[in-house]
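Sequence positions, counted from 1, serve as the residue numbers for this chain. Computed over heavy atoms, backbone and side chain alike; hydrogens, waters and symmetry mates excluded. Note that the structure is predicted; figures quoted are calculated from it, not measured.
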Amino acid sequence: VYEEELRIRGDEAVGTFGGRVYDGVAGAPVHDARVLIYRRGEDGSRVPWSQNDAHEGGAFRGRLEAGAYSARTFTRGAGAGASVDFDVRAGEHTALNLSLTPPGRIVVHVVDRGGARLPAAAIAVGTYGAEHAGAEPRSFLFDLAAGESFRVTDFVPDTDDVSTRRYIETSDFTDHGVAELFVRPGTYEVWATRGPEYDVRTEQVTVGAGQTATVGMTLTRVVDTTGWIAFDTHVHTINSLDASYPVEDRVRSLAATGVEWAIATDHNYVTDYERAIAAADLSRWLRGTVGLELTTLESGHFNGYPLR
């Protein structure tokens, strides 16, 4: 949009910039990175300005008004990198090659005591240093303006005890018993859980940039629910204005947390989970029913099911 604005304005005080994004460990081009552009002030401040995507061979290119800028790389798991300053001059091209620190990858295998693969949730829990104790997490833990995900902290008052400074780095739900966690390099406590009917397992894992660590977790059923069904009668997906989960991810999350019957109640949208359940091979664990949350402006919200 910004570059189209420049074209329409016909501003002559415009230059180009471009280059490639490289993996800082392997040295290979990174084709799925984003290049975040900031306008740099005389006082050193940086204001989010534009964004370009790296394509085949890690190549990116863009147009900017003449001025002072900074660039940061961003990719899944690794988050936003350090700022690299550059200048754009009217009618000239600025070459800009950027290095990206790749994320670490934690592969989590979850099975039951018989060795069967389980739908489950895997969570990477990290800790932050004492120098950040009491600080607002968004000031050091994540950067929403750069596209990083919000990271939930433990809400425990920070002390010298590192266990009071925990946060969730990321989480994932297993696909045929296997989950992948892309994390910033560091040490994490990996949790595996399958809702209140199973126990919880944890294991400490250290993973470096571009490295893969693999852990196996065995969960034991500790609550006998024979004759009972775990169900959720109010579930939303991306088909509702107030939710962002794709249907495929929603059914994985439901099965992973031990829900056995889920009723789709998107706002004024008829959603059927059965196709997604079958595609994920979760029919043994989860069944869906079509419902609806009839939403009005004047008279409130009304849930109804089953619908055909």
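- Counting non-hydrogen atoms of neighbouring residues, nucleotides and ligands closer than 6.0 angstrom, the NE2 atom of His31 reaches no more than 12 such neighbours.
- Gln211 CD to Thr206 OG1: the interatomic distance, rounded to the nearest 0.5 Å, is 9.5 Å.
- In this structure, NE2 on His109 lies 11.5 Å from CE on Met217, to the nearest 0.5 angstrom.
- Considering Asp172, Asp281, Asp175 as possible partners of Arg252, the one that fulfils the salt bridge (charged side-chain N to carboxylate O under 4.0 Å, His left out) test is Asp172.
- Between Phe17 and Phe86, the two ring planes are tilted [angle within 30° to 60°].
- Contact check for Pro306 versus Val290: no side-chain heavy atoms found under the 4.5 Å cut-off.
- A tilted orientation is assigned to the rings of Phe231 and Trp261, their planes being inclined by 30° to 60°.
- A donor atom on one side chain and an acceptor atom on the other are found under 3.5 Å apart for Arg72 and Tyr38.
- Around the CZ atom of Arg39, the shell of radius 6.0 Å holds more than 12 heavy atoms that belong to other residues, nucleotides or ligands.
- One distance of note links NE2 of His234 with CG of Asp266; it measures 9.0 Å at 0.5 Å rounding.
- Judged by distance alone, the side chains of Tyr198 and Asp112 never bring a donor and an acceptor atom under 3.5 Å apart.
- Leu294 CG: more than 12 foreign heavy atoms inside a 6.0 Å radius.
- One finds the CD atom of Glu197 at 4.5 Å from the CZ atom of Arg221 (value rounded to the nearest 0.5 Å).
- The environment of CG in Asp160 is sparse: at most 12 heavy-atom neighbours from other residues, nucleotides or ligands sit within 6.0 Å.
- Side chain to side chain, Ser45 and Asp43 meet the donor-acceptor criterion of an N or O pair below 3.5 Å.
- Thr237 and Arg250 share no side-chain donor-acceptor pair at under 3.5 Å.
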